[in-house]
Amino acid sequence: MKYRIKMSKIALLLISLFVSLDALAQHQTTDFHGAVAELDSYKVVFQLNSGDDKVIKGTMRNILNSLEDPRLKGKLQVELVVHSGGVVVFRKDHPYEAQLKALQAKGVILAECENTIREKNISKDQLFDFISYVPSGNGEIIIRQQQGWAIVHP
Amino acid sequence: MKYRIKMSKIALLLISLFVSLDALAQHQTTDFHGAVAELDSYKVVFQLNSGDDKVIKGTMRNILNSLEDPRLKGKLQVELVVHSGGVVVFRKDHPYEAQLKALQAKGVILAECENTIREKNISKDQLFDFISYVPSGNGEIIIRQQQGWAIVHP
Amino acid sequence: MKYRIKMSKIALLLISLFVSLDALAQHQTTDFHGAVAELDSYKVVFQLNSGDDKVIKGTMRNILNSLEDPRLKGKLQVELVVHSGGVVVFRKDHPYEAQLKALQAKGVILAECENTIREKNISKDQLFDFISYVPSGNGEIIIRQQQGWAIVHP
């Protein structure tokens, strides 16, 4: 009896030790290499509200970098929400078709704000036919966040 | 007895079928028309930290578009948090009084950062008397997000 | 017996009254002074993706203002996530060392995006040796938000 109690005490001590070491390891990882991805899936909205070529390309590069982040690879759902001046990225007469299709092939949802095209008198014929539409870009950003998605602003 | 079990099995099958169809419908809606608003209420902070007239007007238009988004209409609480250069929107000698009152009439909380006016030597007398104050704009943005509010940056 | 029931009813009434008064006070505070900080701890990522001196100094000032916000004082964990053009803030040949060390002394995590330094052909030797690295700045921002951190964009 006494022996069994001792054994369980030793087991408890060992478990405590392992838990402490693990916590320490996690703490160090957090300190020196940033956040540890512990969830099974991640969701993020990338906002694009500028028609500046550098901002557009930077946003696309940011999306690719996020999808390739070793902590997120294969676990990240991305939606690109385009509104205001950003609409040029979806125009047929602009040079982003190949890059957009590459993003879409990786599962990225491409969403254009309908308020923007109404305000700017742009018809849907002028935009790529493989994109999606949302009533308002800001509404989309709000709803997605309240559903638990992260937000990245360029 | 046997009959009753069969009936409940059929009911279960029918329920499963309806749930699946519903999930399918939702999935399609998500794919082609963006997020589906499933909550009873939504809360969002709009950040304004620029005094540029185009940014100010764009932020106000974004707030109105969000309030009018058919998915959010009547369900959205908005707070406009103004700090840094954005403070001009609240200055009596600037032309935004009518638009601000229209936003406030729609329930939008108008909040100015007290750090900003201290740093810029602006007295509260120079700002509209119908606005609210918060100790720091960034603190407000942080607390609101941690309370579950979405954030929109211009 | 009857008397005891009456006493408990009065107690109940008094408790209800105090709760109502407290709710009223909270409501007024919310209306006129912004959000009330009710949590024991707050966490926020500040994003810095610009090398503009004004944006860098503004971000540092925003971090300090947040840490000093009376509602957050002693309760706020901050991480500064630097990517893209923002990397200059961590360069040894730039003048931000003292301010960065002051932030670090207040517990601020300083994290640089490894994608950025690879794309810009910057070696870690050129950056301060007291900083941390993350695989991608955007990945860090996404993971932190999904872990419940707030996000502040300059």
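This structure is a prediction, so every number in the text was calculated from the model and none was measured. Every chain is numbered from 1, with letters handed out A, B, ... down the list of sequences.
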**Q** Can you measure from CD1 (C:I142) to NZ (A:K75) and round to the nearest 0.5 angstrom?
**A** 12.5 Å
**Q** I'd like to know if the side chain of C:S136 pairs up with that of A:D69 as donor and acceptor (distance under 3.5 Å, no hydrogens or angles considered).
**A** yes
**Q** Using heavy atoms and a sub-4.5 Å threshold, report which of residues 145-154 of chain C line up against chain A, by residue number.
**A** C:Q145, C:Q146, C:Q147, C:I151, C:H153
**Q** Taking all non-hydrogen atoms of both residues, which atom of C:V134 and which atom of A:G34 are closest, and how far apart?
**A** CG1-CA, 3.4 Å
**Q** How about C:K92: does its NZ atom have over 12 heavy atoms from other parts shown lying under 6.0 Å from it?
**A** yes
**Q** Considering heavy atoms only, which positions within residues 44-61 of chain A lie below 4.5 Å of chain C?
**A** A:V44, A:F46, A:R61
**Q** How many angstroms lie between CG in C:N138 and CG in A:N65, if you round to the nearest 0.5 Å?
**A** 7.0 Å
**Q** Taking everything shown except A:D40 itself, do over 12 heavy atoms lie less than 6.0 Å from its CG?
**A** no
